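For reference, the structure discussed in these notes is given below.
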Amino acid sequence: MSSASRSHVWLYAGASVPGVVHEQTGKLCEDVWAVEVRPSEAPEVFAIALSDGAGGARFGHLGALLSVKWASRTLVEEFKELMAADALEARLRFVGRLRRILLRRARKARENLREFACTLIALAVDSAGQWIMFHIGDGGVVAQVDDELTILSAPQKGEFVNQTFFVTDDDSVQHVHLLRHQPGTTEPLPRAFALFTDGIENLLINEKNGKVAPVFTKLFDWTRTLPKDVVEKAIYENLHDVFRPRSSTGDDCTLVVLVRRSLDTE
Amino acid sequence: MSRDLVVQIQDLLENPTHRVPIALCLDVSGSMAGEPIEELNRGVRLFLDSLREDPIARFSAEVAIVTFSDSAVLQLDFQSLDRIIEPPILSASGQTDLGGGVLLALMLLQNRKHQYQQAGVDYFQPWLVLMTDGQPTTEEHPKAAEEVRKLEREGRLVVFPIGIGPNADMAVLAMFSEKRRPLRLRGLNFREFFAWLSKSVVRVSQSRPGEKITLDLDGIKGWAEL
């Protein structure tokens, strides 16, 4: 579809920095994210997937890497089917399949599936104004609807702060948070989304009172108006210098922003 | 970085730090008089100081101290470390109401969790550190032990039963945990124990979802008879 026939485009920027604890211990940053775009046919689909390898899982980083690659690709390839499926079918088709892929990988390596444990946030939007989101585990998603910031998906936690859900759990299909927005519904299409991992969630949202940090408005504006490389450098430096020292967990910090820019203004 | 592209502190939320509530349940019966109680006091002080030195634990660890002798006494209720100006100075006398001490500590932990929930503060599994140098002189310890084991089994409590000196009844201490056998303090190595304990708290305060906390086993050799 040519840009002339579209009313808007989606732009993204993101960065990760290793947490203080990982840096001290020389470990890899276990946050991973991936982006896929299907520009060749109408409507264009844009997908972002973000994952955090579980701290205690030996191959959590690999599980996260496999998950984001598969999730982002599957969202663009099967967007239409996932939008049309009923909720359980969509969960099974997406999370159920991903879990089986990780299980096969674990068996091949003669490892327990738990060693590949990771969280997942996956979001896809199309140029017609539909979107879908799957979220399992901690981290979260914020959206900008009109000019309001709202928590789209909050971290999933048990009673204790170090308890959450993973893609690899036996019952991950039941725990996945699925949201979809179809055209024709009365809810307006968000102007922007932000996905983030648990290293910085404490600085960004308070799911108990619904508060969202004002920083998102700033990040969304940067992404709408500045070149991607400039914004990604700024996100990286802010994660490193401003967010990370204030992280309550010392965990890896990742922030990915996706904004809708109207072509009318160009 | 361009000054225009800098996130300010006021752009972020100031949410409460995740908390690790730790109840120290300590025997201060008459047999602890003299050097043992002095070393215990030094150990407790070192524990609090060590936690204060860690950038994450200083805001996340919260400590309460319960002692037991003729009865259970709340010496220090849960509060952040910055608010503890001087830890209580413990003195030894009387009998060993171990069960009463544990039940009081459990009640405090439960109350604290309730306060966290009311205030919207996230928290880790609470810890109970039980230290005794003798045998219980009251009948409440089986009931207290049953409650502790139940919470431990459900993953809702982390328990450290520690014996002090040769007369500590390790069989009684063993009643308080199905996952962790009681360890006997080597001599009066309270300071080594509390230094190890503070490091363990730091590990927990930095732990991530799904992470199994492995305790510093080599560090245990520094204070326990193995």
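Every chain is numbered from 1, with letters handed out A, B, ... down the list of sequences. In this text, all values refer to a predicted model and were calculated from it rather than measured experimentally.
Separation of atoms CD (Glu14(B)) and CG (Asn206(A)) is listed at 12.0 Å; rounding is to 0.5 Å. Annotation: the span from Asp122(B) atom CG to Lys208(A) atom NZ amounts to 3.5 Å, rounded to 0.5 Å. Distance NZ/Lys113(B) to CZ/Phe160(A): 4.5 Å, rounded to 0.5 Å. The distance from atom CG of Asn209(A) to atom CG of Asn15(B), rounded to the nearest 0.5 Å, is 7.5 Å. The structure places CG of Asp221(A) at 11.5 Å from CG of Leu5(B), a figure rounded to the nearest 0.5 Å. In this structure, Leu204(A) CG and Leu13(B) CG are separated by 7.0 Å, a value rounded to the nearest 0.5 Å.
Contacts with chain B were tallied for Leu226(A), Leu219(A), Val212(A), Val231(A); Val212(A) has the most, counting heavy-atom pairs under 4.5 Å. Comparing Ala117(A), Gly19(A), Ala213(A), Gly60(A) by how many heavy-atom pairs each has under 4.5 Å with chain B, the most go to Ala213(A). When each of Arg246(A), Glu159(A), Lys218(A), Lys211(A) is scored by its heavy-atom pairs under 4.5 Å with chain B, the top score falls to Glu159(A).
Residues meeting the salt bridge (Lys or Arg N to Asp or Glu O under 4.0 Å) test with Arg260(A), sequence neighbours left out: none.
The minimum heavy-atom distance linking Trp222(A) with Val7(B) is given by the pair CH2-CG2, 4.1 Å.
The contact list for residues 76-84 of chain B toward chain A, using heavy atoms and a distance under 4.5 Å, is empty.
Around atom CD of Glu139(B), no more than 12 heavy atoms belonging to other residues, nucleotides or ligands sit under 6.0 Å away. Under a cut-off of 6.0 angstrom, the local environment of CD in Gln174(A) is sparse, with at most 12 non-hydrogen atoms contributed by other residues, nucleotides or ligands. The number of heavy atoms from other shown groups lying within 6.0 Å of CD (Glu148(A)) does not exceed 12. Counting non-hydrogen atoms of other residues, nucleotides and ligands closer than 6.0 Å to CZ of Arg224(A) gives a total above 12. Within a 6.0 Å sphere centred on CZ of Arg153(B), heavy atoms belonging to other residues, nucleotides or ligands number more than 12.
Taking the side chain as every heavy atom from C-beta outward, Asp11(B) and Val242(A) never approach each other to under 4.5 Å.
Within the 4.5 angstrom heavy-atom criterion, atoms from both the backbone and the side chain of Arg156(B) approach chain A.
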